Amino acid sequence: MALTKPQGDMVMKLGTEQASTSGTAIDFTGIPAGTTQIVLMLEAVSTNGVSNLLFQLGDAGGIENTGYISSCSTLVPTVTTATSTVGFIMPFAAATWNVHGPYIFILKDSTNFTWVGKGNFCEDGSADGMVSAGSKSLSAVLTQLRITSVSADTFDAGSINITYF
């Protein structure tokens, strides 16, 4: 089967990759109006702490940190779970972890600016797997995305990028 390039507005656009080697938050801004899907991609992302990662959405008024419905689980070696109302939550259990994987955000309702999301991740060199899902209604059109952690741990390895259409 041949792959075809989508036509018109359905062309996936690649953001500018950002190193996740410092700071407590990484922002992607300038996401254009009309975006209906965003894929957040983590490659070997690590922090100096053990608090779960958070993916937060924002509009022209800023990043929103309330009203999320999100849960996550670490699948092996021991099942652990967490929930969050302050962001889409992703399990992160050790400062030595280097996490890889995508988180997909899809616009579900353009009238209420409701986004749903899900992600699957793995940890470098181990059998650890993580899953996460959730939803969030914004107050306006999405224009930005933030990656941070529950306890504002400092990023110390890896890189992050987005694609969107």
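Every heavy atom of this structure was used, including side-chain atoms; hydrogens, water molecules and symmetry mates were not. From a predicted model like this one, the values you see are computed outputs, not experimental measurements.
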More than 12 heavy atoms of other groups within 6.0 Å of L14 CG: yes
Heavy-atom closest pair, residues V39 and P102: CG1-CB, 4.0 Å
hydrophobic_cluster_shared for F165 and W115, side chain cutoff 4.5 Å: no
No-hydrogen, no-angle side-chain donor-acceptor test under 3.5 Å, S46 and D156: yes
Transitive ILVMFWY side-chain link L53 to V116, under 4.5 Å: no
Side chain proximity check, I63 to L57, heavy atoms < 4.5 angstrom: no
Qualifying residue, where the test is side chain to side chain donor-acceptor pair (under 3.5 Å) with R146 and the options are D27, N65, T29: D27
N/O donor-acceptor pair under 3.5 Å between S159 side chain and A19 backbone: no
Nearest heavy atoms of A157 and N98, plus distance in Å: CB-OD1, 3.9 Å
K108 side-chain N/O to S135 backbone N/O, donor-acceptor pair under 3.5 Å: no
Sub-4.5 Å side-chain heavy-atom contact between N120 and M130: no
Check: S126/D128 side-chain N/O donor and acceptor closer than 3.5 Å: yes
Nearest-0.5 Å distance that lies between atom SG in C72 and atom NZ in K118: 15.5 Å
Side-chain donor-acceptor pair present, Q56, T148, cut-off under 3.5 Å: no
Any donor-acceptor N/O pair, N112 side chain to T114 backbone, under 3.5 Å: no
Nearest atoms (heavy-atom pairs only) where A95 meets V50: N-CG1, 3.8 Å
Stepwise side-chain hydrogen bond (donor to acceptor under 3.5 Å, both in side chains) test for S73 and T81: CA-CA 4 Å; S73 297; T81 62; 5.5 Å; no
Linked, directly or transitively: L107 and F55 (ILVMFWY side chains, under 4.5 Å): yes
Donor-acceptor pair, side chain of S20 and main chain of G158, under 3.5 angstrom: yes
M90 vs V99 side-chain heavy atoms within contact, under 4.5 Å: yes
Y103 and F121 aromatic ring geometry - parallel, tilted or perpendicular at 30°/60° bounds: parallel
Intermediate values then yes/no, ring pair (Phe, Tyr, Trp, His ring centres under 6.0 Å), F105 and F88: CA-CA 10 Å; F105 301 95; F88 291 91; 5.1 Å; yes
Donor-acceptor under 3.5 Å (S70 side chain, A133 main chain): yes
Nearest-0.5 Å distance that lies between atom OG in S151 and atom CZ in F92: 12.5 Å
Distance-minimising heavy-atom pair for A60 and T143: N-OG1, 3.5 Å
Side chain to side chain contact (heavy atoms under 4.5 Å, CB included) between I106 and T36, intermediate numbers included: CA-CA 6 Å; I106 301 169; T36 59; over 6 Å; no
Verdict with reasoning, L40 to I147, per side chain to side chain contact (heavy atoms under 4.5 Å, CB included): CA-CA 9 Å; L40 172 67; I147 301 89; 3.8 Å; yes
Expected output: side-chain N48 to main-chain T154 donor-acceptor under 3.5 Å: yes
Hydrophobic cluster membership, I26 vs L42, 4.5 Å side-chain cutoff: yes
Backbone N/O of H100 and side chain of E43: donor-acceptor pair under 3.5 Å: no
Nearest heavy atoms of D59 and V141, plus distance in Å: CB-O, 3.1 Å
Donor-acceptor pair, side chain of S149 and main chain of S51, under 3.5 angstrom: no
Joint hydrophobic cluster, L145 plus F113, side-chain heavy atoms closer than 4.5 Å: yes
Backbone of Q37 reached by a side-chain donor or acceptor of T35 within 3.5 Å: no
Pair F28-I160, side chain to side chain contact (heavy atoms under 4.5 Å, CB included): steps then yes or no: CA-CA 10 Å; F28 289 89; I160 302 172; 3.7 Å; yes
Short side-chain to backbone donor-acceptor contact, Q144 and I31, under 3.5 Å: no
Side chain to side chain contact (heavy atoms under 4.5 Å, CB included) between L142 and I38, worked out: CA-CA 10 Å; L142 182 141; I38 301 168; 3.5 Å; yes
